[in-house]
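Both counts, for ligands and for their atoms, begin at 1 and track the order of listing. We count residues from 1, following the sequence as given.
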Amino acid sequence: MLDKKVSTLLNAQINKELFSAYVYLDISNYFYEEGLEGFGNWYKIQAKEEQDHADLILQYLQNNGEKITLEAIDKPNHTYKEFKDALVVSLQHERYVTDLIHTIYAAAVDVKDYRTMQFLDWFVKEQGEEEKNTEDMIKKYDLFGSDAKALYMLDSELKSRSYAPPSLVL
Ligand code: FEO
């Protein structure tokens, strides 16, 4: 059995991870509609990774005998006037998720729940990587986005991203 607050926050995080998948799928759809298939591919894979994150938390709760409560997933509600808007939305979203993970971690620390801390260590690292990936993408876009040929090459580079299952196995 986990502490009630920790368990409630982890349950809520399943929803937030699935919402993250929705946000990234929405961004992916936007880029596909705009003809940037590499960016579309990159964000579609990102959406899959978020589904994996939800699944990992779900499995962790199940492994600890906790009840899973699934709530409705919010609708993504962003509009993008230009390509960079979508990139900035994704960075802001990752920072928001990092804060959520840190909040769960802090709740686990409060009750000396070392098992959940160890589980969440992977997520803390993952969030760091995801923020950096998105920051790098924005940097590259700032450098090359205004040049059509360079944007084409950047988009082609992003087409090569392929899905890999999470390194965390429960
Ligand atoms: Fe699983 Fe990037 O939040």
Checklist entry - Quick one: do Ile104 and Val109 end up in the same hydrophobic cluster if we chain Ile, Leu, Val, Met, Phe, Trp and Tyr together by side-chain heavy atoms under 4.5 Å apart? => result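 Yes; Val109 is reachable from Ile104 via cluster members.
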Checklist entry - Name of the His53 N, O or S atom nearest atom 1 (Fe) of ligand 1? => result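 Answer by atom name: ND1.
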Item to check | Check: Tyr24 main-chain N/O paired with Ser28 side-chain donor or acceptor under 3.5 Å | outcome: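 No, the answer is negative, given that no donor and acceptor are paired below the 3.5 Å cut-off.
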Checklist entry - Is a side-chain donor or acceptor of Asn11 paired with a backbone partner of Glu71 at a separation under 3.5 angstrom? => result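 No, Asn11 side chain to Glu71 backbone: no donor-acceptor pair under 3.5 Å.
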Item to check | Closest Glu130 atom to atom 2 (Fe) of ligand 1 [N, O or S only] | outcome: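 Looking only at N, O and S atoms of Glu130, the one nearest atom 2 (Fe) of ligand 1 is named OE1.
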Item to check | atom 2 (Fe) of ligand 1 to Glu50: nearest N/O/S atom name | outcome: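 This turns out to be OE2.
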Next on the checklist: If I take every N, O or S atom of Glu126, is at least one of them less than 2.8 Å from atom 2 (Fe) of ligand 1?
Outcome noted: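 Coordinating: no.
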Next on the checklist: For the residue pair Lys48 and Tyr163, would you count it as a cation-pi contact if the rule is NZ or CZ under 6.0 angstrom from the ring centre and within 45 degrees of the ring axis?
Outcome noted: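 Ring-cation test returns yes.
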Checklist entry - Counting backbone and side-chain atoms alike, does Glu17 have an N/O/S atom under 2.8 Å from atom 1 (Fe) of ligand 1? => result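 Within the cut-off used here (under 2.8 Å), Glu17 does place an N, O or S atom near atom 1 (Fe) of ligand 1.
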Checklist entry - Do Phe123 and His102 have their ring centres less than 6.0 Å from each other? => result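 Not close enough - the centres of the two rings lie 6.0 Å or further apart.
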